[in-house]
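Each remark here refers to the structure printed beneath this line.
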There are 2 protein chains.
Amino acid sequence: MESAAVPPSEERRRDAAATRRRLLEAARDLFAERGYEGATVRSIAARAGVNQALLFRYFGSKRGLLAEVVALGGLEQLRATPPEELFETALRSMLTRSAEEAEDRSLEVYLRSVGRGDEAAGTLRELGEEYQSVLAGLSGAPDGALRADLAMAWLLGIGLMRTVVAREPLAGADPDEVCRLVLGTLSHLWAETGDGGA
Amino acid sequence: MESAAVPPSEERRRDAAATRRRLLEAARDLFAERGYEGATVRSIAARAGVNQALLFRYFGSKRGLLAEVVALGGLEQLRATPPEELFETALRSMLTRSAEEAEDRSLEVYLRSVGRGDEAAGTLRELGEEYQSVLAGLSGAPDGALRADLAMAWLLGIGLMRTVVAREPLAGADPDEVCRLVLGTLSHLWAETGDGGA
DNA sequence: TACCGTTGTAAGCAGCTGCTTACATCCGGG
DNA sequence: CCCGGATGTAAGCAGCTGCTTACAACGGTA
């Protein structure tokens, strides 16, 4: 069947596994750049250098492709990150120009794809709920889940302003500086009593 | 058959001004509900109860319609609100189920429409910059504009999570409760020195 | 060598998009 | 009255969408 060994230095000319991988990477990047609806199957296939019919052969539908992208890039990485590091990790991944070698761009996909009565919504909702449940454990308050939602709202909002709106000064700000401001402020959210904040 | 729900002795049967207004209201609502790309000219015309060709006669293009919606609903209202009330006003409009009688839904339009490599981006950018310049005056810090961007990011993020993702507990939370948490926390952002936050 | 499943390709489907065109119909002013 | 612009309508354009189909070419196996 499949000779497990990777070809020494030559690419096989017919390689289903490599084609699948190329499609997944192209889809990950295009979903992140243009959102689910904005990335067409033709553009994904073109970036992968592959005939678009193969996309449907390997993933069944465009939505199937999205599900696999989110499962690989988002959910796996999320489950591998300790809860107390999750927010800062996610924030920094939002703040870092994902020029090259970005494994997980699922939050970009998320914020560029929600907003319509999409079919993408269902697939992305699961990812959002995982984030919520992890962040909810960070506050001792009984309304931890609400505060987690608010924290995630800020995270998404910052990503929206930075990578989508791309407006100065946020777009070009030093990630460390932004992290300091946001994390410093958010520490008050976890402790906020709501009786005036002072 | 087609007499529809037209009051017998009230409206003129051919009224360009009324038709324009109906189109503007339908566009405002559909842009807010589905985003610029998601709202089709056919759906807008249908909701307005108007032939879609009239949309192009009165506004030239779909984008021209958007520009007028934003100018009327967003910019006018923004300029009429005192700076120190702007954030809370905008936050509350995000938190209030805009079931009926919502004059200004421009922030909903904004957050559902950014994210695509849209043609809508240019029109909406102006609105965002107005918000930024007003909010930037609220902090005495030299990086006031950055903090304004961060505040607006939270505002948009909350709107995104509440009206788009619509996930509990944020979606159903008491607006007053959310306002208290957010405003209490944000007061620290205006004062945050960045040397630890505590 | 002959075979046959796997991999890749070209073309086309119906349905939607923003927008245009050619044509009815109304209604006020001569 | 009756004409002409304002208003409303139906049909259709080219281009795009996700997806399917029929077919060609490869390459391991018997």
Side-chain angles (χ1 to χ4, degrees), chain A residues 1-5 7 10-24 26-27 30-31 34-69 113 116-123, chain B residues 1-4 6 9-24 26-27 30-31 34-69 113 116-123:
Chain A
M1 327 249 181
E2 293 147 16
S3 52
E10 294 277 342
E11 291 186 18
R12 284 180 291 178
R13 307 206 315 257
R14 293 168 77 90
D15 187 337
T19 299
R20 252 189 77 100
R21 184 166 25 83
R22 291 168 64 87
L23 279 169
L24 276 172
L30 278 169
F31 286 156
R34 307 182 194 175
Y36 175 78
E37 301 267 327
T40 70
V41 295
R42 282 171 176 81
S43 69
I44 294 170
R47 181 170 295 194
V50 154
N51 188 289
Q52 58 140 337
L54 296 178
L55 186 156
F56 295 95
R57 176 125 79 212
Y58 293 136
F59 302 97
S61 67
K62 187 188 181 185
R63 181 167 184 174
L65 221 200
L66 173 69
E68 200 140 336
V69 165
S113 300
R116 302 253 283 266
D118 288 346
E119 48 179 346
T123 300
Chain B
M1 207 69 79
E2 309 260 334
S3 53
V6 183
S9 60
E10 281 292 330
E11 300 180 15
R12 283 180 290 174
R13 307 209 314 264
R14 293 168 81 91
D15 187 339
T19 299
R20 254 190 76 102
R21 184 166 26 83
R22 291 168 65 88
L23 279 169
L24 275 172
L30 277 169
F31 285 156
R34 307 183 193 174
Y36 176 77
E37 300 267 327
T40 70
V41 294
R42 280 172 177 80
S43 69
I44 294 170
R47 179 168 299 194
V50 154
N51 188 287
Q52 57 140 337
L54 297 179
L55 187 155
F56 294 95
R57 178 173 296 164
Y58 293 137
F59 302 97
S61 67
K62 187 188 180 185
R63 180 166 184 174
L65 220 200
L66 172 70
E68 199 140 338
V69 165
S113 300
R116 269 58 76 164
D118 285 345
E119 48 179 345
T123 300

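Order of the sequence lines sets the chain letters (A, B, ...), proteins ahead of strands, with each chain counted from 1.
Across every non-hydrogen atom of Lys62(A) and Phe31(A), the tightest pair is CE-CE2, 4.1 Å.
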Item to complete: Please step through side chain to side chain contact (heavy atoms under 4.5 Å, CB included) for the pair Arg57(B) and Leu54(B), ending with a clear verdict.
Response: CA-CA 5 Å; Arg57(B) 178 173 296 164; Leu54(B) 297 179; 3.8 Å; yes
Worksheet entry | Steps toward side chain to side chain contact (heavy atoms under 4.5 Å, CB included) verdict (Leu65(B), Tyr58(B)) | CA-CA 9 Å; Leu65(B) 220 200; Tyr58(B) 293 137; over 6 Å; no
Worksheet entry | side chain to side chain contact (heavy atoms under 4.5 Å, CB included) evaluation trace for Leu55(B) with Val50(B) | CA-CA 8 Å; Leu55(B) 187 155; Val50(B) 154; over 6 Å; no
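Looking at the side chain of Asn51(B), the nearest of the listed nucleotides dC19(D), dT20(D), dA10(D) is dA10(D). Side-chain proximity of Arg14(B) to dT17(D), dT7(D), dA11(C): nearest is dT7(D). Side-chain proximity of Arg42(A) to dT9(C), dG12(C), dT17(C): nearest is dG12(C). Here dT7(C) is the nucleotide among dT7(C), dG18(C), dC19(D) with the atom lying nearest to any side-chain atom of Ala16(A). Across dT7(D), dG8(C), dG18(C), the shortest atom-to-atom separation from the side chain of Arg57(A) is found for dG8(C).
The separation between Asp15(B) atom CG and dT25(C) atom C1' is 16 Å, rounded to whole Å. In this entry the distance linking CG of Leu55(A) with P of dT17(D) reads 13 Å, nearest Å. When rounded to the nearest whole Å, the span between CZ of Phe56(B) and C1' of dA10(D) equals 15 Å. As rounded to whole Å, 13 Å separates atom P of dT7(D) from atom CZ of Phe59(B). Atom-to-atom, CD of Gln52(A) to C1' of dT20(D) comes out at 10 Å; the value is rounded to the nearest Å. Whole-Å rounding puts the Lys62(B) NZ to dC16(D) C1' distance at 14 Å. Atom CD of Glu37(A) and atom C1' of dT17(D) are 10 Å apart (whole Å). The CZ atom of Arg34(A) sits 11 Å away from the P atom of dG18(D) (whole-angstrom rounding).
At the heavy-atom level, Ala39(A) lies under 4.0 Å from the strands shown only through sugar-phosphate atoms.
Proximity of a side-chain donor or acceptor of Arg22(A) to a complementary backbone N or O of Ala48(A) within less than 3.5 Å is detected.
Comparing Ala53(B) and Thr40(A) against DNA chain D, the residue whose closest nucleotide sits nearer the 5' end is Ala53(B).
Between Tyr58(A) and the phosphate of dT6(C), there is no side-chain N or O to OP1/OP2 separation shorter than 4.0 Å. OP1 or OP2 of dG8(D) sits under 4.0 Å from a side-chain N or O of Thr19(B).
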